[in-house]
Amino acid sequence: MQKIHNKVLKDTMFYHDIPVLTYKINYPFFETTCSPPAACHINGYYALKAEKTEKNCRTDLYSQAVQAAQYIPENIPPFNSYEFLSDYHIVYNKGCIVSLYTDQYSYSGGAHGATVRSSDTWDFRMGRQINLTEFFPGVQGFPECLFQRIEKQIEDRLKESPATFFEDYSQLLRNNFHAENFYITPAGLVIYYQQYDIAPYASGIPEFVIPFRNSRSPEIM
């Protein structure tokens, strides 16, 4: 199991006296006994990613916020500050395997903000990311077998909550499938889709759990 420390990059940026952008970027720093060089590589990956995200906030997003604020002279009515929040969640940390997902929320005016999710599953012995196909060794028809399991879960959910998915969800979940959009938990492998991919905004980020064969080893049934 790895020890995790939280690192933060944050700031409130102004245009004249108006706070037009607030951002906060959380990212992990790992300690491990599996392979310190691997942890160093992984830590560097997240540090660089956080730095690039901060640069985008301080340039592109800030510029957009300033342009919007210029349409409100004297800040009357008060300008709704742009927001950016990146937060990670460790969902599996056992042995030399860590899985996490990161939600990046941004608000730039309008009725609501938007959240984009990314995820990584790491082997801390080798310092490499584990791919989705590694959980389905020798499975014929991948990923169609995965789609069928997801469809069954959607059908069950629609019985309880109609209209929580788009009518053409069967085709959309295939068209919008991205093999990197997964993480693992002790309960199983989780496939997720971004907002609007297969469901309305109110449904959030749809997640589908594919149980492991047993609780001791991350192997798919």
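Residue numbers run from 1 in the order of the sequence given.
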If you count heavy atoms of other groups shown closer than 6.0 angstrom to [atom1] of [X], is the number above 12?
| X | atom1 | answer |
| --- | --- | --- |
| N6 | CG | yes |
| K24 | NZ | no |
| E144 | CD | yes |

Distance-only polar pair, side chains of [X] and [Y], donor-acceptor under 3.5 Å:
| X | Y | value |
| --- | --- | --- |
| S119 | Y192 | yes |
| E83 | Y105 | no |
| Y183 | E207 | yes |

State whether the side chain of [X] and the backbone N or O of [Y] hold a donor-acceptor pair below 3.5 Å, judged by distance alone.
| X | Y | result |
| --- | --- | --- |
| Q194 | R117 | yes |
| T53 | K49 | yes |
| S203 | T164 | yes |
| N43 | A39 | yes |

(request) Decide whether I150 and F135 are clustered together by the hydrophobic rule: side chain heavy atoms of Ile, Leu, Val, Met, Phe, Trp, Tyr closer than 4.5 Å, transitively. (result)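 I150 clusters together with F135.
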
(request) State which residue, out of T121, D120, I184, fulfils the side-chain contact (heavy atoms from CB on, under 4.5 Å) condition with L100. (result)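 Considering T121, D120, I184, a side-chain contact (heavy atoms from CB on, under 4.5 Å) with L100 is found only for D120.
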
